[in-house]
K.L.:
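Structure below; questions to follow.
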Amino acid sequence: MAGLVTTLGSGAMTNSIRDISNAACILAIGTNTTEAHPVIALEMKKAVNKGGKLIVANTREIDLVRDATIWLRHRPGTDVTLLMGMARVIVDEGLADTTFVDERCENFEEFKESLKAFDLATVEGITGVPAEKIVEAARTYATNSPAAIFYAMGITQHTHGTDNVIATANLAMLTGNMGKPSAGVNPLRGQNNVQGACDLGALPNVYPGYQAVADSAIKDKFERAWDAFLSDKPGLTVTEMFDGAYEGSIKAMYIMGENPPLSEPNANHAIEALKRLDFLVVQDIFMSETAELADVVLPAASFAEKDGTYTNTERRVQRVRKALEPVGETRPDWLITCQIAQKMGIKGFEFESPSEIMEEIASLTPTYGGITYDRLEQGGLQWPCPTEEHPGTPILHVGIFSRGKGHFVPLEYKPSAELPDEEYPLLLTTGRNLFHWHTGTMTRRVGGLDDLLGEGWVDISPSDAEKLGIAHGDRVRITSRRGSVHARANVTEVSDEGIVYMNMHFAESAVNVLTNPALDPVAKIPEFKVSAVKIAKSDDD
Amino acid sequence: MGEITLTIEGQEITVDEGMTVLDAAERAGIYIPTLCYHPDLAPYGACRLCIVEIEKMRGLPTACTTPATDGMVVQTKTPQLQEFRRGILELMLSEHPHPCLTCWRRERCGPYDICLRNVDVTQRCVTCPNNGICELQDVVDYIGIDHVDLPYTSRELPIDRENPFFERDYNLCILCGRCVRVCQEVRGVGAIAFTSRGSESLPGTAFGHPLRDSDCKYCGACVDVCPTGALIERHRKYKGIPDSKVATTCHYCGVGCQLELELKDGRIMEVIPLRDNDVNRGQACVKGRFSIAEVVHHPDRLTTPLIKKNGSFEEATWDEALELVASKLSSFNKDEIVVISSAKCTNEDNYVMQKFARAGLGHNNVDHCARL
């Protein structure tokens, strides 16, 4: 998200789901949309059926490739190069929207200068995509307006993830695809309320509404509202918290509804860190791998048993409604946290209902200022929604960018932190499957879903499989510098030569034992999408 | 786009240009029977039940495919139309079990009543999982039919129970084609098509292979559009009509599909994707459509606070657990405590959690797995 904040001033999907089907061109990069966001993929297919062009940039032959006008099979970790290569073609061929660039953006000359390094021959060499395809994609994207860019974790989970995001924003600004319907830069968020968790300040550097903790005026506002002394020092990220726990500077952890051993990179390290804690409280609906390690487990009500709101990927705040009484002794998460706070003698946690919490949110968060439970009865509202009269904002950056002028950022190619070598000759990339969700805490318990996909597979190309003497269905051991897991080999041309792929959902084939915890320096996202591994047939079945 | 005014059943209606006669009638609250029509699908005109009489137009055009024009005068329920519809319905019912559909006692019959006419269980509406929510019943009620003169032939097909989520009983299929069209038009998958020809024609996969070997993604769109009991979610079978329905937001991915939880006896009976919104417009995926009830009602759900004593968990009361957490957390230096919030929880849960870290512990060591 940091990349979009730098260039545009706001880190969220610029446009709406409703718009997608009217796009004349869609560039889907680093998103396996049919698997991870199936309902958004429907809108993309609709756009294609209406005559829109679809450019898919993905190393794997994902489902969406079937509907694609152009498929760019670039090597994992070379997104910046590919996008800058396209930008260079657009500038060289005079396809840029110069009026938009002149009037609404800044820093274009520096950006143009940085394009010099991305001549077609270099780009082809780094990405592995033939030059003429890059030219075709650039022309298609630049000449079919409105054009929308979609991306997901395939763009962000790299050591240069922020650069990747900036590259998409540069491309959209260059072609004037901002602030109008069916265009923009659209990050697809992975979890139901990842947008909301960010919006509401579950981040170490910002209060709700992305108000910086380091800003003293903001700090004053919250100190007055909460009647408490606050810190202006940004806190630790999850990955840093685990390092702290591992090293001993962090002694207690309170985890609500997360399962870091499966979702953290270098899972073995995360588990060890949790074990070293003096006190661990976990609040969840199931006994997750994390909860097993806890000193106290607090049972939470499921989403069907509580009231609240989620904010979806297009910034739409929508109601979650209580349909059932909480099972057993379970309680809603907000209530449990409030009760702990009250027992600790902390003021300001006397909330009686989620709608009361939303009132406090609205009073302190300008982007959520006009959101009330009464209004949400009429349907979701897209932030920014500053006042009760405001209808919500389906499209960001109309007329003016959130930060004023759109800021072009010059970029350079940075290779991934760990690339295949002689010892670990294959490149491992990871992702999600339609039938399961995140760490599988919920979906792995559903008989039907486990029946359809019940174990971890590793996708490997036929040529690599042949070289390694692996047949389809063989049990194999995948090893990286950090650990080793077992899975079944899926020999398929979906995977390109030299590249293997695994899903993240299976504890028994926990791919994050293998992945590289190297972080993006700005967004602090680990490099899940590129790590080096070796594979061998395994005897212990 | 301009507006036009037309008259349906003597009622003057002003609608947007480009609407069909069926859309206009629906807008005016006038019912025209349909079976192949579905608002999310392109007009098809196959079942012919929506035929209407339009002044200055030849024949009996279908309302679902005829654009409404200015000054049009439409009749929807003349004796002639009802007679034609009855004929069409009879053809349909010659291949669909109908003893209950034509029986005057249907409304009063329960599933465990002995049928006075000695009808087989498999032929009765009251034992059909779709009883009470069946569109064919609605159409029959509107048109009125008390006997079928054509000979009835049962297809005598086995029920396909091969996939984990829904059952396919093509003995009840009326060949409206909605399932085939939704799979192709809306989902872009095309796992099923009409197979075979003539009287053998039925929706199915290529060469009758199991759905598992097709491109089926188990999204359930076919189940949602099926007007009869041919496609039914397995777990809602024989649960009847829900006690209540609650609209909510799906708890899986970031799309935020709007869903309706249908409840019966304190449990989720079925989850239906809602149509009237700007997000999912009647669609969902396999996880939202078919797995929520099992997750929410799973026996593995944590139901009571647990405290670890000597390496194993023991059940505790809330008071004990909260007391322990509060006293333990108070015993550390505040900088030694960190808080991990959750992208799975609500906005309100997250707000309270970050406030707990900031106002309660006095630092900003709060984060969640956004990056993961």
Side-chain angles (χ1 to χ4, degrees), chain A residues 18 38-39 45 189 191-192 194 196-197 200-202 204 213 226 228 231 235-238 241 250-258 263 279 281 295 297 299 302-304 308-310 312-313 318 320-321 323 328-329 333-334 337 339 341 343-344 346 354 357 361 437 442 445-446 448 451 525, chain B residues 164-165 188 246 248-249 251-252 254-256 261 278-280 283 285 291 294-296 298 300-308 321-322 325-326 328 330 332 336-354 356 358-360 363-365 367-372:
Chain A
R18 181 105 220 189
V39 170
K45 289 184 191 175
R189 309 305 304 261
Q191 305 191 51
N192 55 339
V194 62
L200 273 308
V213 295
W226 289 347
S231 164
L236 304 173
T237 64
V238 170
M241 289 177 189
I250 300 301
K251 296 200 163 60
M253 214 181 260
Y254 173 17
I255 302 180
M256 169 172 84
E258 296 274 16
S263 59
F279 189 63
V281 189
D295 295 289
V297 178
S302 75
F303 86 116
T309 56
Y310 291 151
N312 79 351
T313 188
Q318 305 188 108
V320 173
R321 291 188 186 83
E329 300 279 307
D333 287 290
W334 62 268
T337 309
Q339 287 173 334
K343 285 243 189 244
M344 289 172 74
I346 306 166
I357 301 172
I361 294 172
W437 191 71
M442 297 191 283
R445 287 184 162 84
V446 175
D451 179 23
I525 296 184
Chain B
F165 300 115
V246 176
T248 194
T249 305
H251 70 155
Y252 286 115
V255 177
L261 308 183
D278 281 339
V279 178
N280 54 312
Q283 301 303 313
C285 75
S291 83
E294 202 170 332
V295 168
V296 169
H298 202 282
D300 287 355
R301 279 282 304 276
L302 293 165
T303 53
T304 168
L306 301 170
I307 294 173
K308 200 176 264 170
L322 292 173
V325 171
K328 270 286 195 180
S330 304
F332 293 99
E336 295 169 341
I337 310 169
V338 294
V339 161
I340 298 183
S341 199
S342 175
K344 298 181 185 75
C345 293
T346 63
N347 287 329
E348 293 75 6
D349 296 335
N350 276 287
Y351 178 82
V352 169
M353 196 63 159
Q354 60 86 35
F356 176 75
R358 296 191 161 116
H363 56 58
N364 293 301
N365 293 337
D367 198 4
H368 70 288
C369 295
R371 306 171 180 82
L372 311 174

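These values consider heavy atoms only, across backbone and side chains, with no hydrogens, waters or symmetry-generated copies. Sequence lines set the chain letters: A, B, ... in the order given, protein chains first and strands last, and positions in each chain run from 1.
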K.L.:
Can you tell which of A/G328, A/P299, A/G235 has the highest number of heavy-atom pairs within less than 4.5 Å of chain B?
P.N.:
A/P299

K.L.:
At a 4.5 Å cut-off on heavy atoms, which part of B/V352 comes close to chain A: side chain, backbone, both, or neither?
P.N.:
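Backbone plus side chain of B/V352, per the 4.5 Å heavy-atom cut-off to chain A.
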
K.L.:
Given a strict heavy-atom distance threshold of 4.5 Å, which part of B/F332 is in contact with chain A: side chain, backbone, both, or neither?
P.N.:
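Just its side chain gets close to chain A.
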
K.L.:
Which atoms of A/M241 come close to chain B, meaning under 4.5 Å heavy atom to heavy atom: side chain ones, backbone ones, both, or neither?
P.N.:
side chain

K.L.:
Please examine the side chains of A/Y310 and B/T346, heavy atoms only from C-beta on, and report whether any two atoms are closer than 4.5 Å.
P.N.:
yes

K.L.:
Which heavy atom in B/R358 sits nearest to a heavy atom in A/G201, and how many Å separate them?
P.N.:
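Scanning both residues completely, I find the closest heavy atoms to be NH1-O, 2.8 Å.
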
K.L.:
Give me the atom names and distance for the closest heavy-atom approach of A/V320 to B/T248.
P.N.:
CA-OG1, 3.3 Å

K.L.:
About how many Å separate CE of A/M256 and CG of B/D349, when rounded to the nearest 0.5 Å?
P.N.:
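Separation between the atoms: 5.0 Å.
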
K.L.:
Do the rings of B/H251 and A/F303 sit parallel, tilted or perpendicular, given the 30° and 60° boundaries?
P.N.:
parallel

K.L.:
What part of A/L200 lies closer than 4.5 angstrom to a heavy atom of chain B: side chain, backbone, both or neither?
P.N.:
both

K.L.:
Using heavy-atom distances under 4.5 Å, tell me whether A/V213 contacts chain B through its side chain, its backbone, both, or neither.
P.N.:
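The answer is the side chain of A/V213.
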
K.L.:
With the side chain counted from C-beta on, respond yes when B/E348 and A/D333 share a heavy-atom pair under 4.5 Å apart, and no when they do not.
P.N.:
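No - every pair of side-chain heavy atoms lies 4.5 Å or more apart.
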
K.L.:
Side chain, backbone, both or neither: which part of B/F356 has a non-hydrogen atom closer than 4.5 Å to chain A?
P.N.:
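Both parts, heavy atoms under 4.5 Å.
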
K.L.:
Checking A/A228 against chain B: side chain, backbone, both or neither under 4.5 Å from a heavy atom?
P.N.:
side chain

K.L.:
Which distance, rounded to the nearest 0.5 Å, do you find between the CD of A/Q191 and the SG of B/C345?
P.N.:
10.0 Å

K.L.:
Tell me, side chain or backbone of A/K45 under 4.5 Å from chain B's heavy atoms, or both, or neither?
P.N.:
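The answer is the side chain of A/K45.
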
K.L.:
Going from NZ on B/K344 to CG on A/N192, what distance comes out if it is rounded to the nearest 0.5 angstrom?
P.N.:
8.0 Å

K.L.:
Can you tell which part of B/L261 gets under 4.5 Å to a heavy atom of chain A, answering side chain, backbone, both or neither?
P.N.:
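Contact with chain A involves the side chain of B/L261 alone.
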
